[in-house]
Every structure is written in C-alpha cells, then in structure tokens.
Amino acid sequence: MGASSPTGGLRPRLTQDEKTAETRRRLLDAAILCLVERGYANTTTSEIAERAGLSRGAQLYHFPRKEELLTNAVEHLFSLMLGELTEKISRLNNVNDRRSVAIDVMWEIANGRLATAWI
C-alpha cells in the first residue's frame, strides 16, 4: 500500500516537532475561540480539547494546567493580533496617511473578536 492521500498526491510526513507544534496550535486556537464565545470563567479544558479535535490526554500532555493553557493562548493571540496589525500597516503606501490609517487599523483590531479574548 502506498502512502498517498485519497486525492492521489503524496503527503510529506511531519516531523515530531511539527506534529507537536500543530497540536499545540490547535489547542491554542480552540482556547481563543472558547474565550471569545464563553469567557474565562465558562471556558473548560475539556471543551478546548473537544473543539481542537483532540483527546483530553493530548491536552493534558501539552498543557497540564488550565492557567498554563490560557496563558499560552493569550500569548498566541497577541502574536496573531500583532501579525495582523503588521500586515495591514505594511500595505499602506502614502507616507502622509500612514499614521491616521494605522490608528484606524489598530482601532479595528481592538474592536474585533480576537480583542475580546485578549481582554
């Protein structure tokens, strides 16, 4: 049997480090969604694992404590927000308008769904 996907193409094997990074990213993204939709007090690690499509054991392996998971999720969230801000500002062409547009972009991000989780 070949190692091909159902579409016929070959998928490269992920290294263990890549698998670990992907699992952690899925958990962090799921945690952010839970924070946005349910708030800190109503977010559970079981729900985070379920939303990430992972077992509770996988969640506990990577993040043994809720505080650790949510702290890392907020750090991940900040990185996502900073990346979004940097990308939007880098597309600005007119130097004279950069400052006012940058403020508008920051305001837009500050009022977005991700900012809800960050706060």
Side-chain angles (χ1 to χ4, degrees):
M1 298 219 130
S4 62
S5 69
T7 59
L10 293 176
R11 273 185 22 193
R13 288 192 133 186
L14 297 177
T15 66
Q16 188 59 43
D17 287 344
E18 291 169 330
K19 289 178 189 176
T20 297
E22 174 63 15
T23 299
R24 290 176 64 88
R25 185 201 54 78
R26 287 171 55 188
L27 286 165
L28 297 175
D29 287 345
I32 291 168
L33 288 174
C34 283
L35 287 171
V36 167
E37 294 173 10
R38 301 181 52 81
Y40 177 82
N42 295 319
T43 293
T44 65
T45 54
S46 296
E47 182 177 359
I48 292 169
E50 183 179 319
R51 284 182 183 231
L54 298 165
S55 69
R56 179 93 165 99
Q59 178 266 304
L60 288 170
Y61 176 80
H62 291 281
F63 299 101
R65 295 184 354 257
K66 178 182 179 180
E67 293 79 17
E68 182 182 354
L69 174 54
L70 294 180
T71 299
N72 278 271
V74 171
E75 289 172 358
H76 177 64
L77 173 63
F78 183 74
S79 176
L80 292 173
M81 291 173 65
L82 182 60
E84 181 181 354
L85 178 63
T86 302
E87 189 273 326
K88 286 183 176 184
I89 290 175
S90 72
R91 289 187 285 155
L92 301 177
N93 296 327
N94 186 340
V95 175
N96 295 330
D97 291 341
R98 283 177 71 96
R99 192 172 297 132
S100 65
V101 174
I103 291 169
D104 291 342
V105 168
M106 288 173 54
W107 183 253
E108 178 185 324
I109 291 171
N111 288 297
R113 282 181 51 114
L114 294 180
T116 302
W118 187 56
I119 291 170

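Everything quoted here is computed from the prediction, not taken from an experiment. What's counted below: heavy atoms across the whole structure, side chains too, no hydrogens, waters or symmetry copies.
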> Of the non-hydrogen atoms in Leu28 and Leu69, which two are nearest, and what is the gap between them?
Replying inline: CD2-O, 3.9 Å
> How long is the span from the CD1 atom in Ile103 to the CD atom in Glu108, to the nearest 0.5 Å?
Replying inline: 14.0 Å
>> Looking at Lys19 and Glu22, is any side-chain nitrogen of the basic one under 4.0 Å from a carboxylate oxygen of the acidic one?
In response: no
> Are Leu70 and Leu33 in one and the same hydrophobic cluster, where Ile, Leu, Val, Met, Phe, Trp and Tyr link if side-chain heavy atoms are under 4.5 Å apart?
Replying inline: no
>> Could you check whether Thr45 and Arg65, counting side-chain N and O atoms only, form a donor-acceptor pair closer than 3.5 Å?
In response: no
> Closest heavy-atom contact between Lys66 and Ala41?
Replying inline: NZ-O, 4.4 Å
>> Can you confirm whether Thr43 sits close enough to Arg38 that some side-chain heavy atom of one is under 4.5 Å from a side-chain heavy atom of the other?
In response: yes
> Would you call Arg13 and Glu18 a salt bridge, using N to O less than 4.0 angstrom?
Replying inline: no
> Side chains of Arg25 and His76: does their closest heavy-atom pair fall under 4.5 Å?
Replying inline: yes
> Measuring from Gln59:CD to Thr44:OG1, what's the distance to the nearest 0.5 Å?
Replying inline: 9.0 Å
>> Tell me whether Tyr40 shares a hydrophobic cluster with Phe63, the cluster being built from Ile, Leu, Val, Met, Phe, Trp, Tyr side chains joined at under 4.5 Å.
In response: yes
> Around Glu47, counting heavy atoms of other residues, nucleotides and ligands shown, do more than 12 lie under 6.0 Å from its CD?
Replying inline: yes
>> Under a 3.5 Å distance rule, please check whether Arg26 uses its side chain to pair with a backbone N or O of Ala52 as donor and acceptor.
In response: yes
> Looking at Cys34 and Ile48, what are the two nearest heavy atoms and their distance?
Replying inline: SG-CG1, 3.9 Å
> Strictly by modelled atom types, are Asn72 and His62 linked by a side-chain donor-acceptor pair under 3.5 Å?
Replying inline: no
